[in-house]
Amino acid sequence: MKLQRIRTIKGRIHLLTGLHIGASKESIEIGGLDNPVIKDPFPGSRAPYIPGSSLKGKLRSLIEIKEERLSRDPRTQGNPCDCGDKKCPVCPVFGTSANKRNDDLGPTRLVVRDAFLSPDWEKKFKEGDLPMEIKYENAINRITGEANPRPIERVPAGVEFDFNISFKVFEGDSDDYFMTVLKAMHMLEHDALGGAGSRGCGQIEFSEIRIDNEKMQPDYIKTIKVE
Ligand SMILES: [Zn+2]
């Protein structure tokens, strides 16, 4: 399979509401908060960031729902599509498990890198001007009626991260593959990134979009038709 070109989508993720992408249990510090956000493990950094895998996984799941590509097999119900078919709207773009890879499908087209704080926000963070926010979620016990407040840490609204997506185009690839990514981005603006999305966390907007280093209009992602 001949690689024709590598396309890029770059820009900013602007938080409209607080973002909670949880750290895994292993990385939680002793004596720390119960539900911290994931932080850059780079020594001395500890800045919040958006793992590429979180962003990619969310984009994938939105397309899977839209295209009805979630597994219906009761044993794997709700699992990601893993058909490995070149015509699938999900697998060529987002990838498959190792045993479904095949020569016809070719390599995964989409690479989503970790999104770090944009320079202004990184500076604020380093100067101690970007405290994380603690939101108390009240879980009400349905039987006793007792409230059980549970703290979750969030990156506050207003903060911006720089994202970076690269996309491989192979000879014979449909343009629909690349459009799938833009559609998923549009859908994400109407959905939520990270945890507690149904309770108002993780509403985002994509801004300052550059495609193949060409600057797009300010509301570019909103103009993408999802149909
Ligand atoms: Zn598939």
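Atoms considered below: every heavy atom in the structure, side chains included; atoms not considered: hydrogens, waters and symmetry mates. Counting starts at 1 for both ligands and their atoms, following the listed order.
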By the ring pair (Phe, Tyr, Trp, His ring centres under 6.0 Å) test, which pairs, at least two apart or in different chains, include something from residues 187-227? Phe163-Phe206, His186-His190
Residues passing the salt bridge (Lys or Arg N to Asp or Glu O under 4.0 Å) test with Glu208, sequence neighbours excluded, are Arg12
Apply salt bridge (Lys or Arg N to Asp or Glu O under 4.0 Å) to Glu127 and list each qualifying residue two or more places apart in sequence or on a separate chain. Lys123
Do the side chains of Asp173 and Arg109 get close enough for a salt bridge, i.e. N-O under 4.0 angstrom? yes
Atoms of type N/O/S from protein, distance to the Zn ion (ligand 1) below 2.8 Å: 4
Glu153/Lys39 under salt bridge (Lys or Arg N to Asp or Glu O under 4.0 Å): CA gap, chis, key distance, verdict: CA-CA 11 Å; Glu153 190 180 32; Lys39 313 265 174 36; 3.2 Å; yes
For Glu205 and His14, does a side-chain donor sit closer than 3.5 Å to a side-chain acceptor? no
